[in-house]
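Below is one structure, written out as structure tokens; the observations come after it.
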Amino acid sequence: MKKIINHPNSVVTELLIGMAKAHPDLKYTDELEVISRKVKSKKVGIVSGGGSGHEPAHAGYVGKGMLDAAVAGNVFSSPSPDRIIKGIEEANSGEGVLLVIKNYSGDIMNFEMAKDMAEMDDIRVESVVVKDDVAVPDSTYSTGRRGIAGTVFVHKIAGAKAEAGANLDQVKAAAEKAIANIRSMGMAMNSCTLPAVGKPGFVLGENEIEIGMGIHGEPGVERTSVKTAAETADILLSKVLADYDYSGSEVAVLINGLGATPLMELYILNNEVEKILTEKNIKVYKTFVGNYMTSLDMSGCSVTLMKLDEELKELLDAPCDTPALKVL
Amino acid sequence: MKKIINHPNSVVTELLIGMAKAHPDLKYTDELEVISRKVKSKKVGIVSGGGSGHEPAHAGYVGKGMLDAAVAGNVFSSPSPDRIIKGIEEANSGEGVLLVIKNYSGDIMNFEMAKDMAEMDDIRVESVVVKDDVAVPDSTYSTGRRGIAGTVFVHKIAGAKAEAGANLDQVKAAAEKAIANIRSMGMAMNSCTLPAVGKPGFVLGENEIEIGMGIHGEPGVERTSVKTAAETADILLSKVLADYDYSGSEVAVLINGLGATPLMELYILNNEVEKILTEKNIKVYKTFVGNYMTSLDMSGCSVTLMKLDEELKELLDAPCDTPALKVL
Amino acid sequence: MGFRLSSKDYVEYIKLAAAKIHENGDYVTALDAATGDGDHWSNINIGFEKLIEAIPVMETMSLFDEFKKIGMIMMSVIGGSSGVLYGSAYMGAAKVLKDKDVIENQDMCNIMEAMLNAIMQRGNAKPGFKTMIDCLYPAVECYKDCITKALSENETVVLVKKAAVEGAQSTAAMEAIRGRACYQANKGVGHLDPGAITMAYQIETLMDYIATKL
Amino acid sequence: MGFRLSSKDYVEYIKLAAAKIHENGDYVTALDAATGDGDHWSNINIGFEKLIEAIPVMETMSLFDEFKKIGMIMMSVIGGSSGVLYGSAYMGAAKVLKDKDVIENQDMCNIMEAMLNAIMQRGNAKPGFKTMIDCLYPAVECYKDCITKALSENETVVLVKKAAVEGAQSTAAMEAIRGRACYQANKGVGHLDPGAITMAYQIETLMDYIATKL
Ligand SMILES: Nc1ncnc2c1ncn2[C@@H]1O[C@H](COP(=O)(O)OP(=O)(O)O)[C@@H](O)[C@H]1O
Ligand SMILES: Nc1ncnc2c1ncn2[C@@H]1O[C@H](COP(=O)(O)OP(=O)(O)O)[C@@H](O)[C@H]1O
Ligand SMILES: [Mg+2]
Ligand SMILES: [Mg+2]
Ligand SMILES: [Mg+2]
Ligand SMILES: [Mg+2]
């Protein structure tokens, strides 16, 4: 395993300290592994988080117009309730706090436990659950769909709404609206290596790719041969478009890299995605291309669409200033 | 080779189109592979460029406060003079144009030929040459040091100076000042694969890394065993600090990923770099962490320092709005 | 007369359980690697390591405080799914022990039932979902059954242990509805659930320890 | 009487040179991979392919326009170092051909000298820097020498070809001062310079072609 680290046990702490040093607007709370804004303002607080290994998520989205606090667990492991409570406290200015949770049972259990405990301390806490990954069948019975890169859009929308002075219910409603309109689908060309494990989670052959894998090294739904950028766009978008009706609408597009895929390839993919959307009479309103929700050193990508209405457009366009996403 | 591409011959064109589609402020000139600002303003124009494969460089730095045009060659190959002339024309608003060239003989010859030809068309053109890589010995006799990630700082400084309304000589002087104060040093953990070649430029063993490699897959100056983040910071900074006296000064730091290295590792490295600088009484004024000047899918990093005075601080802090670098 | 466990005794059990978990590292890691993310053993092992460190404090506590402490440590140290589940389990069990100085047979059954309920509630899960519940639930059912039938405590611990182990083994045939295995194309069918196995280690160790107190 | 090459003849030479370059792909690629970035052959090969495509236009041109055209094509198609160097070389040579209908012995020597000067100027390089110059320079020196000594054209082409090939071979022993090989720890010592080898292919082909016209 080749990684620029000191010890597998200290990666989370060291990365967060390194981040706080690089971005002086951020405050790092040690032991509890919380990154929050140094300057608090009177508004609904937005807290997100989850396992580490998805950098810049989640700490990279802390800042004006997005999150107030991000809570980090160990690599690919949910943060514990005590950490989340600290995040809630950092984010709370008396107007209540919205938790943006990705749909993994570990995250849900830990965030809900923290919510229960924070409410005992009279902090009003609401939560939304992101489940944008169409690779996994939807179902009310099972845990159902995972939350992946679309979470970044939820941070943006909820953050903008909160920054605009909306109350907790309104912020939650905006986040729910975003979630309802977001779908994602991913593809991996190589798995990732957990620092503590030292070898990849799954191994792909020289010419194999994995469609619909998760962002924690979970294997996907189909293993196939290497595809062109055009075919990749088609495979990923077909799944997304089959799941939700985007026709005739305006969308935000997120072409997300999983950590080891160069921007060159993401932009080539964007070209193909845009072609298909145009063909299908779906109008691209705004596009984001980059490493937004990664999976350690996995190579591959995901494509996310968010259907927009006037409110979502306005919130998407609202200025934000975070290490990983800036809108001017 | 696993890459999200269609055909090795079309990667440059398709990536630039994909970029222009994602960033509506950018204009793409086909065949000549130039990305320029859609809206021109009356000011000194800044043009940079070079081989492709360094994304987001160079097209990602086109926008307010940085470049006016970026000219792309084939992967790792200098653009030809006719392309550069197009870049100069796009950037020229009558106030003259500054070329930011990286010190590779191919780039220098092509940019200088373009400069000669543009001057025949009565466009005033000046150029500066970035040579920040301390891995290569400096010498006036040989081609000397390569230009690597420090080039991004030169774009920022020259771009801010031009945006502030300075004339060509003043913009050139600011760029020269930046160049004189910038040093970089890199390390690779895996080489990169050129789309047209299909296999890595050099092969490193399971536990080997390469110190001081170039950003075109050129081998480095020393091959050694995998190092911790602390050791890596020490090795890279030692070379930088031995070459130029940064003691007691304020610096801008760029922790640059080469394409396949996750942000987690870059932030861990930043933590170590900051520790060493603080120890050596060098004050970090501003830090940038990310994939700024890559080498296709190479994994590894470089560390760049720029010594700052009041003018450089002001120019570094000046707002800019480009796809790959935004300062608010 | 039956067993009577003090908070000091429970600490003895914790030591034995820690050792049992510790020695099965590769096996449990492989189970979680097959259907999940491979960290279950290291999660739970580090939790028990921290419990061992806290023994000096725990020994002096009431059972109520001891169980709350165990819950807090598990919750904050283990992280992931199993941390919050064991945290909830021990917090739930603590309530049963309010004002008690010792754990007797009926108390132990109540503790395990409280743990089961807390885990099912926090995990929004039922028996048959291929989780640790599929070990704990049959163990609790068996325990209650033994008490109803007024079986001897010697017989009881043997039967409860058997129910737990068999319950854990039964997860191999199940389709996962909770936990990471539900993202696998085959829902983990054919693989044991790692959380059920480590739950079985703990119940097994506890029943064996109780047997030494009879 | 000596040779007299028209613009049509020069096109014939271009065809032969293109073929010569084409058939040495793997060898030249390996040379540039060893000390540079491995693209020299594909650069120069694609340049010659484009020249072949432009033949219908070039055949009808004056020598002056033909050489300028070759320069523009090489410059824009090849890219990298060799594109601009050949571009400069052909533009420089075009000046020598102003108002000429044919290339004779002295013209050919002038052309090659003009190319050499243009390359040295654009590349800021001299003989001994381990570049294509180390093939072209000895060839030009030899050509001038032959003319001074009034050797027959038959003898001249043999000697110039020999000087070019030997010059290219001499790069193996040199330390690189220009080009990518200068970034290697050993400065490319022991490796031939790819640009010198392809330059030798062209001079060789040209001299052989001239021999057929004598
Ligand atoms: N919702 C749930 N209810 C009950 N048990 C669960 C639930 N989700 C997961 N588990 C249990 O937790 C175990 C996994 O724990 P662990 O590997 O430590 O956490 P994670 O899945 O977060 O990596 C599973 O094997 C399963 O027994
Ligand atoms: N400054 C220079 N002067 C003369 N020739 C040069 C110079 N730099 C490079 N060359 C020649 O160019 C050749 C490399 O060409 P090529 O591989 O096409 O370009 P690049 O180095 O840009 O990849 C070298 O082998 C050398 O002969
Ligand atoms: Mg886990
Ligand atoms: Mg090249
Ligand atoms: Mg696990
Ligand atoms: Mg080359």
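This one's a predicted model, so the numbers in the text were calculated from it and none came from an experiment. Naming convention: chains lettered A, B, ... in sequence-line order (proteins, then strands); numbering from 1 in each chain.
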Q: For the residue pair A:Glu55 and A:Thr294, confirm or rule out a side-chain donor-acceptor distance under 3.5 Å.
A: no
Q) By a 4.5 Å heavy-atom criterion (distance strictly below it), what part of A:Leu204 contacts chain B: side chain, backbone, both, or neither? A) both
Q: Assess the side chains of A:Ser10 and A:Glu14: does a donor N or O sit below 3.5 Å from an acceptor N or O?
A: yes
Q. B:His54 versus chain A, heavy atoms under 4.5 Å apart: side chain, backbone, both or neither?
A. neither
**Q.** B:Pro200 side chain near B:Asn190 side chain, heavy-atom distance below 4.5 Å
**A.** no
Q: May I ask you to name which of B:Met187, B:Met1, B:Glu208, B:His7 has the most heavy-atom pairs under 4.5 Å with chain A?
A: B:Glu208
Q | Residue pair A:Gly300 / A:Thr261: nearest heavy atoms and the distance that separates them | A | N-OG1, 2.7 Å
Q. Top residue by heavy-atom pair count (under 4.5 Å) with chain A, among B:Glu274, B:Lys286, B:Glu272?
A. B:Glu274
Q.
Under 4.5 Å from any heavy atom of chain A, what part of B:Asn291 do you find: side chain, backbone, both or neither?
A. side chain
Q. Is chain B contacted by the side chain of A:Lys227, its backbone, both, or neither, given a heavy-atom distance below 4.5 Å?
A. backbone
Q.
Any salt bridge linking A:Arg37 with A:Glu163? Criterion: basic side-chain nitrogen under 4.0 Å from a carboxylate oxygen.
A. yes
Q. Between B:Lys280 and B:Thr278, do the side chains contain an N or O donor and an N or O acceptor separated by less than 3.5 Å?
A. no
Q) Is it true that a side-chain atom of A:Tyr28 and a backbone atom of A:Gly18 form a donor plus acceptor pair closer than 3.5 Å? A) no
(Q) Counting only non-hydrogen atoms closer than 4.5 Å, does A:Met298 touch chain B with its backbone (N, CA, C, O), its side chain (CB onward), both, or neither? (A) neither
(Q) Which heavy atom of B:Pro323 sits nearest to which heavy atom of B:Gly60, and what is that distance? (A) CD-O, 3.3 Å
Q.
Heavy-atom cut-off 4.5 Å, strictly under: side chain, backbone, both or neither for B:Val11 against chain A?
A. both
Q) What option among B:Ile268, B:Leu266, B:Thr228 has the most heavy-atom pairs under 4.5 Å with chain A? A) B:Ile268
Q.
Below 4.5 Å, heavy-atom pairs only: which of B:Leu16, B:Asp297, B:Asn6, B:Leu15 has the largest tally toward chain A?
A. B:Asn6
Q.
Heavy-atom pairs under 4.5 Å with chain A - which of B:Leu263, B:Ile17, B:Leu328 has more of them than the others?
A. B:Leu328
